[in-house]
J.: 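Pasting in a structure now, in structure tokens, and then I'll have a few things to ask.
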Protein chains: 2
Amino acid sequence: MARQARTPEAREARVKAIMAAALDQFSKVGFEAARLDDIAQAAGVAKGTIYLYFESKERLLEGLVASTISAPLEALEHSVAASTAPASELLRQYGAFMAQGAQNADRRRVMHLVFSEGARFPAIAQFHHREVISRGAALIRAIIAKGRASGEFVHDEPERFPQLVIAPALVAAVWLHVFDPIEKLDAPALISAHIDMLLRALKGG
Amino acid sequence: MARQARTPEAREARVKAIMAAALDQFSKVGFEAARLDDIAQAAGVAKGTIYLYFESKERLLEGLVASTISAPLEALEHSVAASTAPASELLRQYGAFMAQGAQNADRRRVMHLVFSEGARFPAIAQFHHREVISRGAALIRAIIAKGRASGEFVHDEPERFPQLVIAPALVAAVWLHVFDPIEKLDAPALISAHIDMLLRALKGG
DNA sequence: CCGATAGATGACCGCGAAGTCATTTTTTTG
DNA sequence: CAAAAAAATGACTTCGCGGTCATCTATCGG
């Protein structure tokens with residue numbers, strides 16, 4: 001078998017290949033049922049090689065979730081902090097962000113993994129909560145607060161429950177994994193309709 | 001060990017005990033990681049006994065999900081069909097139904113099981129879709145259509161996407177399983193706030 | 001060009017769990 | 001009450017997978 005040069009880039013590429021193959025398998029059959037042999041084969045390495053980079057199957061799962069750094073979320077945070085646009089526009093941007101997430105199979109798969117296995121692996125639940133959920137919630141609260149300060153919004157439910165804003169994105173992630181063969185779902189249209197209702201509800205008397 | 005009399009009731013009680021223990025384990029550690037020995041012990045039977053009632057671990061999962069007949073949903077269907085109350089009142093009833101579901105650990109656990117394992121076990125995804133999701137969706141569509149016919153509601157997003165109504169209930173089920181140790185969630189308050197927003201959004205100009 | 005070192009490999013080991021079945025216990029029946 | 005039938009048991013078998021490590025290969029320093 002042809003071997004790679006041992007540059008740092010090759011090392012990184014190998015780690016990425018392993019994590020990509022692992023996400024594939026974990027997502028397809030679940031963490032427990034996934035076999036390291038299959039992951040190794042899909043990544044184009046021997047099983048032993050995985051253990052040069054990850055000390056156990058569980059750490060592979062954790063590393064995989066932790067490597068999903070939410071660059072798009074960070075971009076949105078900066079955009080919102082810098083923007084002078086009305087809050088309703090910022091909320092639409094947030095909707096677009098969620099719609100993009102719903103279209104991205106890898107992001108959906110990581111979300112679904114966290115929801116499926118998070119109770120058993122506190123490390124991934126905590127990481128996801130800290131890096132994704134709490135940041136998303138803070139962003140939502142900031143947008144709603146801004147809209148209320150400017151008089152654009154007259155209600156505040158999502159400030160108390162930011163989950164009300166992201167709920168349809170979670171539904172989309174679950175639905176596309178579990179029920180899509182039975183009934184298709186147009187996730188961006190779902191999220192768009194949700195944002196429309198949200199804006200009316202926040203403005204409405 | 002004391003043995004049970006072999007009446008039909010005892011047989012049924014035994015099946016129920018097995019399924020209850022199985023739900024407990026499946027929900028706690030996941031289907032793959034759950035051990036039949038533990039389920040048997042928790043149910044107070046020997047492992048072999050499980051195979052007198054279920055032909056495999058997988059069939060036990062399927063039987064368990066299928067046995068969760070949604071009596072409350074049926075009651076709500078009848079209530080809505082018979083009621084002359086305004087649509088907004090029916091939607092509040094639907095919210096109360098979801099809040100009850102969110103408070104019931106067994107219903108939450110079955111939902112979470114379906115969302116976690118449904119992709120791997122089409123039988124449970126199909127059953128849940130047919131018996132719970134499609135019926136819930138039909139109910140939502142009927143309520144919205146009634147409200148629009150009477151002029152109470154002037155918007156129709158949930159008729160196209162009934163998921164917009166149930167999304168927070170799904171969020172609550174997932175949250176209570178995965179993130180509750182990290183951040184508590186008052187599920188009934190979440191759902192109540194959601195229904196408030198929903199009604200404003202449906203009525204609002 | 002040749003050790004030496006770090007990286008990669010995959011055959012192998014041990015364990016643990018799904019599923020089986022000979023045996024034991026309980027119930028039924030004549 | 002005895003014998004036959006049915007139900008329940010749990011020790012045992014089988015097998016698949018996580019994890020290990022002796023061996024092999026590629027790179028590099030001198």
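Naming: A, B, ... by sequence-line order, numbering from 1 per chain.
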J.: Heavy atom of residues 49-66 of chain B under 4.0 Å from DNA chain D: which residues?
T.: B/T49, B/L52, B/Y53

J.: Count the heavy atoms belonging to other residues, nucleotides or ligands that lie under 6.0 Å from CZ of B/R59, then report whether that count exceeds 12.
T.: no

J.: Sequence neighbours left out, what pairs pass ring-ring contact (aromatic ring centres under 6.0 Å, His included) with at least one residue falling in residues 52-90 of chain B?
T.: none

J.: Considering just the side-chain nitrogens and oxygens of B/R14, establish if one lies under 4.0 Å of OP1 or OP2 belonging to D/dA8.
T.: yes

J.: Hey, could you give me each pair passing ring-ring contact (aromatic ring centres under 6.0 Å, His included) that has a residue in residues 14-33 of chain A? Not counting sequence neighbours.
T.: A/F26-A/F31, A/F31-A/F121

J.: Identify, with sequence neighbours excluded, every residue that meets ring-ring contact (aromatic ring centres under 6.0 Å, His included) alongside A/F97.
T.: A/Y94

J.: Between A/N104 (side chain only) and A/R107 (backbone N and O only), is there a donor and an acceptor less than 3.5 Å apart?
T.: yes

J.: Within the distance-only criterion (no hydrogens, no angle test), does the side chain of B/H194 pair as donor or acceptor with the backbone N or O of B/V165 below 3.5 angstrom?
T.: yes

J.: Tell me: NZ of B/K47 to P of C/dA18, nearest whole Å?
T.: 6 Å

J.: Any salt bridge (charged side-chain N to carboxylate O under 4.0 Å, His left out) pairs touching residues 134-144 of chain B, not counting sequence neighbours?
T.: B/E77-B/R135, B/E131-B/R135

J.: Write down the distance between CD1 (A/I18) and C1' (C/dT9), rounded to a whole number of angstrom.
T.: 13 Å

J.: Just grab all the side-chain hydrogen bond (donor to acceptor under 3.5 Å, both in side chains) pairs involving residues 21-31 of chain A, residues at least two apart or on different chains.
T.: A/D24-A/R109

J.: What's the angle between the local helix axes at either end of the helix from C/dC1-D/dG30 to C/dG30-D/dC1, using five pairs per end and rounding to 10 degrees?
T.: 0°

J.: Return the polar atom pairs (N/O with N/O) between nucleotides 22-24 of chain D and the protein under 3.5 Å, or none.
T.:
none

J.: For residues B/Q103 and B/Q100, determine if any side-chain heavy atom of one lies less than 4.5 Å from a side-chain heavy atom of the other.
T.: no

J.: Does some side-chain heavy atom of B/L61 sit less than 4.5 Å from a side-chain heavy atom of B/L113?
T.: yes

J.: Tell me every residue that passes ring-ring contact (aromatic ring centres under 6.0 Å, His included) with B/F115, counting only those two or more places apart in sequence or in another chain.
T.: none

J.: List in chain and number order the residues that pass side chain to side chain donor-acceptor pair (under 3.5 Å) with B/E62, two or more places apart in sequence or in another chain; answer none if no residue qualifies.
T.: none

J.: Can you say whether the rings of A/W175 and B/H129 are parallel (under 30°), tilted (30 to 60°) or perpendicular (over 60°)?
T.: perpendicular

J.: Check each residue of residues 31-40 of chain B for a non-hydrogen atom within less than 4.0 Å of any atom in DNA chain C, then write out the ones that pass by number, or none.
T.: B/A34, B/R35, B/L36

J.: Where along residues 19-28 of chain A does a heavy atom come under 4.0 Å from DNA chain D, residue by residue in number order?
T.: none

J.: Would you mind reporting whether B/I144 and B/F153 have side-chain heavy atoms less than 4.5 Å apart?
T.: yes

J.: With side chains defined as the heavy atoms from C-beta onward, is the minimum distance between A/I39 and A/R35 less than 4.5 Å?
T.: no

